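No experiment lies behind these values; they were computed from the predicted model shown.
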Amino acid sequence: MDPLIDRRTHRPLTGDNIRLLTLQPGLFNDPIHCQLEQVSLSAGHAYEALSYVWGNARDTAPMILDRTPYHITKNLERALRYLRSKESPRVLWVDAICINQNDPDEKSEQVPIMGEIYSRATKVYAWLGEADRQTDCVFDVLREFRDRKREAKFPTHFDIAEQLSFHRRLFRGIYQDKAGTLPEQSDLDDDMLHEEFNWLRPLYERPYWRRVWIVQELVLAKVVVVCCGDKFIDFDDIYGLSLDWGSFEQGFDTGTYQMLKPHTRGWNTIQTIRGLRRRREVEWEMGGEAPYLMRIKMSERGDVAMFDEVIEVFAQHHECSLPKDKVYGFRELVPQWKENLVVNYKRSDLEVFLDVAKLDLFESKKHGGLHVAFRLWLAMGLGDREKFNDCLQQSFP
């Protein structure tokens with residue numbers, strides 16, 4: 001991206017300002033026109049946020065930003081086309097445009113508040129990419145399952161197991177109706193998953209679920225809507241298929257995660273993100289004649305993850321362009337990192353590793369330890385075990 005264009009479109013930020021992108025209305029194939037505006041994050045402006053995979057930085061498409069030609073990745077360009085309204089402007093926060101990617105100082109200032117940016121958004125769109133016949137079918141099945149499950153009436157004598165059995169039969173019937181037949185067993189099926197979860201593979205094998213940054217973006221969001229082409233569904237309605245409602249923390253089993261086939265780890269990512277969102281849910285008492293009734297609300301705090309969960313489930317197997325983002329991408333989720341870690345993109349990858357190593361990373365009581373630290377070392381591409389041991393001896397004599 002041309003630095004001269006950046007200076008015209010990205011005036012320096014001041015105070016607690018962020019940039020918001022106004023996406024002008026238009027038909028699907030119309031040119032994309034947007035404007036950037038600086039606003040105070042604390043002022044409570046309404047906006048939605050986009051969570052997506054950047055894609056190949058060299059594979060770009062043009063848009064018009066503040067009346068100036070501006071190039072974005074093709075995956076982002078497609079997302080904006082599908083999100084664009086025909087009638088009214090849409091206000092979005094999109095990292096690749098709202099942060100000056102050519103300014104490391106600005107990135108170091110904006111990355112620490114990205115958690116707050118996503119948590120303040122009225123809605124976060126998780127863009128999986130263009131649809132195909134298989135993903136269209138999966139979305140249609142999930143949406144009808146959601147609707148019919150809400151309408152289902154159980155006999156009063158049904159226990160939880162019987163309700164789940166009913167839901168399973170319902171799902172299979174809907175799938176057969178939409179697809180014409182139930183899927184045959186495949187070598188791609190993972191025995192670690194329920195049979196029905198394997199049928200969702202066109203959704204969770206998308207590259208989106210392997211991206212580092214999506215984890216905190218979805219965990220911290222108020223509402224998450226998953227999009228693929230022109231199909232939309234709430235994130236919680238994807239997880240609603242679960243046949244094991246009580247064990248929302250099952251995604252955190254790092255041993256199980258290692259045993260999954262690589263192409264099925266996306267489902268475990270969905271489970272784990274859902275688990276972290278559930279940890280943020282707090283119960284508030286409703287007044288009136290039935291004070292025992294409760295409603296669920298999302299806590300303002302999002303630092304609900306442990307070292308081993310972040311490193312062994314996410315950092316090892318998720319992708320980012322900069323190794324240091326294996327740390328910065330999860331900063332908002334780990335209490336010690338959120339409170340003490342200073343983001344500085346001018347620091348080397350090794351310096352960033354040492355920054356977090358000093359923040360209880362070796363403390364087993366906090367789900368850390370040498371083995372967890374070494375996994376982060378490997379995930380950041382810093383070398384083998386010998387180099388790791390040498391680093392510890394020099395830095396922590």
Side-chain angles (χ1 to χ4, degrees), residues 1 5-6 8-11 13 16-55 60-101 110 113-131 135 139 143 206 208 211 213-214 216-218 220-237 298:
M1 217 167 279
I5 293 178
D6 281 349
R8 285 200 298 270
T9 57
H10 293 74
R11 292 180 294 106
L13 294 169
D16 72 339
N17 280 7
I18 63 171
R19 298 185 187 91
L20 292 179
L21 183 75
T22 300
L23 175 61
Q24 295 300 329
L27 300 177
F28 186 84
N29 288 319
D30 288 347
I32 297 174
H33 288 264
C34 298
Q35 290 82 42
L36 279 176
E37 177 188 10
Q38 285 196 30
V39 302
S40 167
L41 180 58
S42 59
H45 291 269
Y47 63 91
E48 300 166 314
L50 181 62
S51 174
Y52 66 107
V53 175
W54 279 29
T60 64
M63 61 174 283
I64 304 299
L65 181 64
D66 292 332
R67 301 182 180 180
T68 301
Y70 193 86
H71 278 76
I72 54 178
T73 64
K74 282 191 176 178
N75 190 47
L76 174 55
E77 186 254 1
R78 301 310 284 178
L80 294 178
R81 288 193 182 280
Y82 279 102
L83 289 174
R84 179 168 55 181
S85 167
K86 294 179 182 178
E87 293 86 21
S88 57
R90 190 164 217 160
V91 181
L92 299 167
W93 189 87
V94 182
D95 60 353
I97 303 175
C98 294
I99 297 177
N100 185 350
Q101 300 297 324
Q110 289 285 290
I113 63 172
M114 280 177 60
E116 187 175 0
I117 291 172
Y118 277 92
S119 66
R120 285 179 177 266
T122 57
K123 190 178 294 181
V124 172
Y125 292 100
W127 168 252
L128 304 189
E130 292 271 26
T135 54
F139 270 73
R143 291 197 294 188
R206 290 283 178 130
Y208 174 83
R211 179 174 171 261
W213 286 98
I214 66 125
Q216 79 168 16
E217 293 166 1
L218 302 193
L220 298 173
K222 291 185 179 78
V223 176
V224 177
V225 177
V226 181
C227 321
C228 192
D230 61 357
K231 303 287 186 179
F232 299 79
I233 190 169
D234 283 358
F235 176 79
D236 289 347
D237 290 325
M298 294 296 281

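Looking only at side-chain heavy atoms (C-beta outward), Val223 and Thr122 stay at 4.5 Å or farther from each other. Between Arg143 and Asp237 there is no side-chain heavy-atom pair separated by less than 4.5 Å. Taking 4.5 Å as the limit, some side-chain heavy atom of Asp30 sits within range of a side-chain heavy atom of Arg84. Taking 4.5 Å as the limit, some side-chain heavy atom of Arg206 sits within range of a side-chain heavy atom of Cys228. No side-chain heavy atom of Trp93 sits less than 4.5 Å from a side-chain heavy atom of His45. Side-chain contact check for Ser51 versus Trp213: every heavy-atom pair is 4.5 Å or farther apart. Inter-residue side-chain proximity for Lys231 and Thr135 is flagged as unmet; no heavy-atom pair is nearer than 4.5 Å. For the pair Gln110/Leu13, a side-chain contact is recorded, criterion being any heavy-atom separation below 4.5 Å from C-beta on.
A distance of 11.5 Å separates CD in Glu130 from CG in Leu128, rounded to the nearest 0.5 Å. Considering CZ of Arg19 and CG of Leu41, their distance stands at 13.5 Å, rounded to 0.5 Å. The CD1 atom of Ile72 sits 5.0 Å away from the CG atom of Leu80 when rounded to the nearest 0.5 Å. Expressed to the nearest 0.5 Å, how far SG of Cys227 lies from OH of Tyr208 amounts to 9.0 Å. Taken to the nearest 0.5 Å, the OG1 atom of Thr68 stands 10.5 Å off from the CD atom of Gln35. Separating the CD atom in Glu217 from the CE atom in Met114 is a distance of 5.0 Å, to the nearest 0.5 Å.
With sequence neighbours excluded, no residue satisfies side chain to side chain donor-acceptor pair (under 3.5 Å) with Tyr47. Partners of Pro62 under the side chain to side chain contact (heavy atoms under 4.5 Å, CB included) rule, at least two apart in sequence or in another chain, are His71. Among residues two or more places apart in sequence or in another chain, the side chain to side chain contact (heavy atoms under 4.5 Å, CB included) test is passed with Ala79 by Leu50, Trp127.
Aromatic rings from Phe139 and Phe232 are positioned such that their centres are separated by 6.0 Å or more.
Listed for the Arg90 side chain is no donor-acceptor partner under 3.5 Å among the backbone atoms of Pro25. Side chain of Ser119 to backbone of Gly115: a donor-acceptor contact under 3.5 angstrom is found. When atom types are taken as modelled, the side chain of Asn75 and the backbone of Val53 share a donor-acceptor pair closer than 3.5 angstrom. A distance-only check finds no donor-acceptor pair linking the side chain of His33 to the backbone of Arg67 [under 3.5 Å].
In the model, Gln216 has no side-chain atom that pairs as donor or acceptor with a side-chain atom of Tyr118 under 3.5 Å.
A salt bridge links Asp95 to Arg211: one of the charged nitrogens lies within less than 4.0 Å of a carboxylate oxygen.
Test Ile117, Leu20, Leu36, Ile18 against Cys98 for side chain to side chain contact (heavy atoms under 4.5 Å, CB included) and you get one pass: Leu36.
Closest approach of Gly55 and Thr73 over heavy atoms only: O-CG2, 4.4 Å. The two atoms that bring Asp16 and Ser40 nearest to each other are OD1-OG, 2.8 Å, heavy atoms only.
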Next on the checklist: What verdict does the side chain to side chain contact (heavy atoms under 4.5 Å, CB included) test give for Tyr82 and Asp230, after you've listed the backbone C-alpha separation in whole Å, the side-chain angles of each residue and the deciding distance to 0.1 Å?
Outcome noted: CA-CA 6 Å; Tyr82 279 102; Asp230 61 357; 4.1 Å; yes

